[in-house]
Amino acid sequence: MSPGVVDYLFRQLVTGKSSEDIQWEQEGVSLSAQPEGAELARRLGETDIDALTPVELFHYVRAAQRLAAWAEGLRQSAVGRYCQPGPGEPPRAQRDRC
C-alpha cells in the first residue's frame, strides 16, 4: 500500500471510523460520474494517486480508461474528416492525403 493509503487507514482507525472512505463521494461529482472531457482530464492530472484508497484507485483507473476511449474517438473522427475528399478534389488527391 502507498504511504497515503496507510496514513488514511491509520487516521480512520485512531478516530474509530470505518476504513471505507465515503467522504470523497460526497464532495462533488465522483470520477465515475464525471463526463468525459477536459474537466475529467484536469481532475485525473491533478490527482495524487499515492493518496488514493484502493476503491478510489479503481475508480481513477476506470475514469482514465473512459477518457482514453473518448479521446481515441475524437482522433478517429478527425482522421476520417481529414481523409475525406474536399470539394472538387480528384480521387487521386484523396489517396495522397491518407
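Since this is a predicted model, take the numbers as computed values, not measurements.
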With Arg62, which residues qualify under salt bridge (Lys or Arg N to Asp or Glu O under 4.0 Å), at least two apart? none

Would you say that His59 contacts Glu56 through its side chain, given a criterion of any heavy-atom pair below 4.5 Å between the two side chains? no

Sequence-distant partners of Arg43, side chain to side chain contact (heavy atoms under 4.5 Å, CB included), two or more places apart: Val29, Leu31, Gln34, Glu39

Residue pair Arg66 / Leu40, side-chain heavy-atom distance below 4.5 Å: yes

Measure from the side-chain N and O atoms of Tyr60 to the backbone N and O of Ile49, and report whether any donor-acceptor pair falls under 3.5 Å. no

Are side-chain heavy atoms of Trp70 and Leu67 found at a separation under 4.5 Å? yes

